[in-house]
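We name chains A, B, ... by the order of the sequence lines, and we start the count at 1 in each one. Since this is a predicted model, take the numbers as computed values, not measurements.
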Number of protein chains: 2
Amino acid sequence: MKSTIHDVARRAGVSVSTVSRSFTRPQLVSAKTRQRVLDVAEAMDFRISRSAAALKTGQSMRIAMLISDSITTWFNSHVFAGLNNVFQPAGYDLSIYTMNTVQARAEFFASLPVRRNADAVVVCSFNIVPKEIAKLGNMDVPVVGINIPNTDRFDASVNVDDRQSMKLAVNHLTSLGHQRVAYVRASHGSPFRYRADERLEGFEEAVKEAGIADMTTSLRCPPGMDASNTALAQILSLNPAPTAVCFQTDGLAIPVLYGLHHYGREVPHDISIVGFDDSTYSEEIGLTTIQQKPYEMGVELARKTLCLIEGGRPDQPFEMFPTHLVLRETTQPPADR
Amino acid sequence: MKSTIHDVARRAGVSVSTVSRSFTRPQLVSAKTRQRVLDVAEAMDFRISRSAAALKTGQSMRIAMLISDSITTWFNSHVFAGLNNVFQPAGYDLSIYTMNTVQARAEFFASLPVRRNADAVVVCSFNIVPKEIAKLGNMDVPVVGINIPNTDRFDASVNVDDRQSMKLAVNHLTSLGHQRVAYVRASHGSPFRYRADERLEGFEEAVKEAGIADMTTSLRCPPGMDASNTALAQILSLNPAPTAVCFQTDGLAIPVLYGLHHYGREVPHDISIVGFDDSTYSEEIGLTTIQQKPYEMGVELARKTLCLIEGGRPDQPFEMFPTHLVLRETTQPPADR
DNA sequence: CTGAAAGCGCTTACAG
DNA sequence: CTGAAAGCGCTTACAG
C-alpha cells in the first residue's frame, strides 16, 4: 500500500542505495539517475520514512524543550516559534515537556524520558538546579538554554541581561525627575523566579544609585486572577503616591494601566508606567517598556543547537541579546515638578 | 555507551522479548521478572528507542498540526497546548506546519512532507479547500479539524458556532436598547477568513432580526500595526456615533477600548463594547465578550484523534462546543435612552 | 557513479 | 510465562 524504498528502487531499475542517496546525498548520484529516481518516487507518492532513517543513523530527530509553565505564555510561545522555524526545516521535531508542578518536575528528572529520544535539550527560562543539569549532561547530547540563570554545564545559551535591562527602565524614570517610584513584581513561587529576582535586584540597584531608595516601594502580586487587581489596589493606596511604577512584565502593567484609567488616574500625567517585554498589545496601547525579542532568540539558539548536533562549535556559544528601552506614551516627567 | 534492549536482556538474564514486553505489555510478564527487568533497565539508564519501536510497529508516533498563521496567537497556542497535553503522554510528538504564505501552502500540499511520517493530521482553523482535503485523505491516516468551515471528508472535528455566537453578542446589545451598533472586523486576507465571514454574517442576521440594520455600520481594520488605530479612528468619526460596537476578536477590541478612554469616550457610559474569544487580559480588563475555550477544544479533539488512530470511532466525531456570553463591565443600556 | 550486504533496535507471531 | 527468529525501512562502509 505505502511504497518503500525497495518499491521505488525496483520501478526505477536501481538499487536501494541509489534511491537513498538520491534523497539524502544527491551529489553522490548522477543527475540523470537522480532525476529518474525522484520522478518514480513522486509518481509512487514515496517519502523517506523518518523513523527508519532515524533508527539507522542513531539520531532521534527530536529535540526536547523544557518549560516550567505553559507554552501559551507570550515568552514561551515566541521562543517555541523561533526554535521550530529553524528545527522543522532541518528535519527535527520539537517536543514540549512542561514541568509546572514540583512533582512533574521531579518525575521528569528522575525518569528522563528524553534519554535516547532526543538529539538536544533546550531549557527555557528555567531555574534549573545543578543536579538537574548534571542529569541532562549525562544524556550525552547538547544541552542549551534560553534565559537561564547560569550557563555552567551548558553547551550554548542565549540570554538577556534582566538586571541591567531593569536599570534602564529605572534610569529613564529618574532622569525624568521621578523620585517616588514603585515596583510591581509577581509573587514568588513563579517559575520565572530567577528572572524576577534579577529584575528586582536591578531595580533596587538603580534606585540606590539614584539616591531615591528610601522613597521606593516594592509591591507583590499574589498568584491568581486578581494579581493585577491587588497591585492596583496597593498602588492607589500608597501614601505618598508614587509618581512612577515599574513592572516586572507588561502582562502585569497592562491591566494595571487600564485600572488606573478606570479610577481616574491619568497616565502619564498623574503617574508614569514602564513595562518589561514589549509583548501583546504593548505597542498598540503605547506602553513604554523594555523590549526583548524571544522569537529572534529562539531562532539564534536553534542555529547554535544545530551546529552542536553536527559536532561543530557555535561562533558564540553564550550570547547575550540586547534589550531596548522603547519610549512610547506612558512616561513623562512628574507633574509636580 | 548507550545501552540497548540486548544489554538489558543479558544483564537481567532474560530474552529481549521479555524486556520489550516488560515495557510495552507488562501484563504479559510475571510480576517478578518484570520487576527485575525494570530494575536492571533503570540501573543501566535504558529507555526504549522510540525510533526503533516506531519503525517496527509502522507508526510514526508523530501527529501533524496544520496552521495558517503563527503558533503564537492566542487561539493557536491554546489549541496546541490542549492537543499536546493529551498527545505527549500517549507518546506522540506534535509537529507544527505553518502555511502563512500562498507559496508555502502550495508547496506543502504538493509535496505532503507528512506522508508516511504522521499518524494523524490536525487542521486548525484553516479555510482548507476540497482539493487539499482530498490530498490529506489519500494519506490514509485520520484527518481531524478544529474550527473548520466544513466537515466533509474529515474523520472528526471540534467546532464552535461562530455565527450563532456573534448573534448572542448582538442580541445582548439590542436587548439593552442599543440601536446604532457598529461591527469591527479584520481585513480580508486573514487566514481566519471563513470564521470572520461567519461572525459577520451572524452580526448582519442579528441586526436584521432586530430591525436596526439601517443604523449599523461594518468597519474594516487593514492588516498591520495600525489595525486597531484605523478602527478607532473610524468609530470616533462615525456620525451619528454608534452607542455600541461588536468586535470580531478581543484582540481588536482591547486596543480600541484603550483608545476610546484615551480620547475621552467612557466605556460603557458613552459606548458599549463586546469582544469575541475571552482571550488574554479580557477578564482583568472587564471586557464583556463571547467566550470560547480553545484549550479544552484541543484536549477533546486529541482524544477523538487517539481513538481514531487506534481504529475506534469517537462517540461524537463531530462536536460543537458551546460559547458563552460573559457579562463584564463594558456594556450597559445606551445613555440617551 | 552504483550495488550487495550488514545492521540500526526494536516488536510480535509462533512455538513451547 | 518466556524465548528464538524474522523483519520493519532505511543508511553506509566497502567493493567494484
Subject >> Dot-bracket pairing map - DNA chain D, Watson-Crick plus G-U, both contacts under 3.5 Å, | cross-strand >> reply: |||.||||||||.|||

Original post:
Listed by chain and number, what are the salt bridge (charged side-chain N to carboxylate O under 4.0 Å, His left out) partners of A:Glu132, not counting sequence neighbours?
Top reply: A:Arg105

Original post:
Which is true for B:Ser30 with a 4.0 Å heavy-atom rule: it touches a base, it touches only sugar-phosphate, or it touches nothing?
Top reply: sugar-phosphate

Every protein N/O lying under 3.5 Å from an N/O of nucleotides 13-16 of chain D:
residue: D:dA13; atom: N6; partner: A:Arg21; partner atom: NH2; Å: 3.0

Original post:
Rounded to whole angstroms, how far apart are CG on B:Leu28 and C1' on C:dT11?
Top reply: 12 Å

Original post:
Restricting to pairs with a member in residues 70-83 of chain B, which pass salt bridge (charged side-chain N to carboxylate O under 4.0 Å, His left out), not counting sequence neighbours?
Top reply: none

Subject >> Separation of atom CD in B:Gln35 from atom C1' in D:dT2, rounded to whole Å >> reply: 18 Å

**OP:** Sort and list the pairs that fulfil salt bridge (charged side-chain N to carboxylate O under 4.0 Å, His left out) and have at least one residue in residues 117-130 of chain B, not counting sequence neighbours.
**Re:** none

Original post:
Tell me the side-chain hydrogen bond (donor to acceptor under 3.5 Å, both in side chains) pairs involving residues 34-45 of chain B, sequence neighbours left out?
Top reply: A:Arg115-B:Asp45, B:Gln35-B:Asp39

**OP:** Could you check how far CZ of A:Phe23 sits from C1' of D:dG9, rounded to whole Å?
**Re:** 13 Å

Original post:
Can we say B:Arg62 and B:Asp93 salt-bridge, meaning some charged N sits less than 4.0 Å from an Asp/Glu carboxylate O?
Top reply: no

Subject >> salt bridge (charged side-chain N to carboxylate O under 4.0 Å, His left out): pairs with one or both residues in residues 70-79 of chain A, sequence neighbours excluded >> reply: none

Original post:
In chain order, what residues pass the side chain to side chain donor-acceptor pair (under 3.5 Å) check against A:Gln88, with sequence neighbours excluded?
Top reply: none

Original post:
Could you give the CD1-to-C1' distance, from B:Ile5 to D:dA4, as a whole number of Å?
Top reply: 14 Å

Subject >> All salt bridge (charged side-chain N to carboxylate O under 4.0 Å, His left out) counterparts of A:Arg47, not counting sequence neighbours >> reply: none

**OP:** Could you list all the salt bridge (charged side-chain N to carboxylate O under 4.0 Å, His left out) pairs where at least one residue sits in residues 3-20 of chain A, not counting sequence neighbours?
**Re:** A:Asp7-A:Arg10

Subject >> Flag, side chain of B:Asn159 to backbone of B:Ile148, donor-acceptor distance under 3.5 Å >> reply: yes

Original post:
Of the residues in residues 43-62 of chain A, which ones touch DNA chain C at a heavy-atom distance under 4.0 Å?
Top reply: A:Leu55, A:Lys56

Original post:
C:dT2 phosphate, OP1 or OP2: any side-chain N/O from A:Thr18 under 4.0 angstrom?
Top reply: no

**OP:** Quote, to the nearest angstrom, the P distance that separates C:dC1 from C:dA5.
**Re:** 23 Å

**OP:** Please report, rounded to the nearest Å, how far the P atom of C:dA6 is from the NE2 atom of A:His6.
**Re:** 13 Å

Subject >> Selection residues 4-25 of chain A - residue pairs positive for ring-ring contact (aromatic ring centres under 6.0 Å, His included), sequence neighbours left out >> reply: A:Phe23-A:Phe46

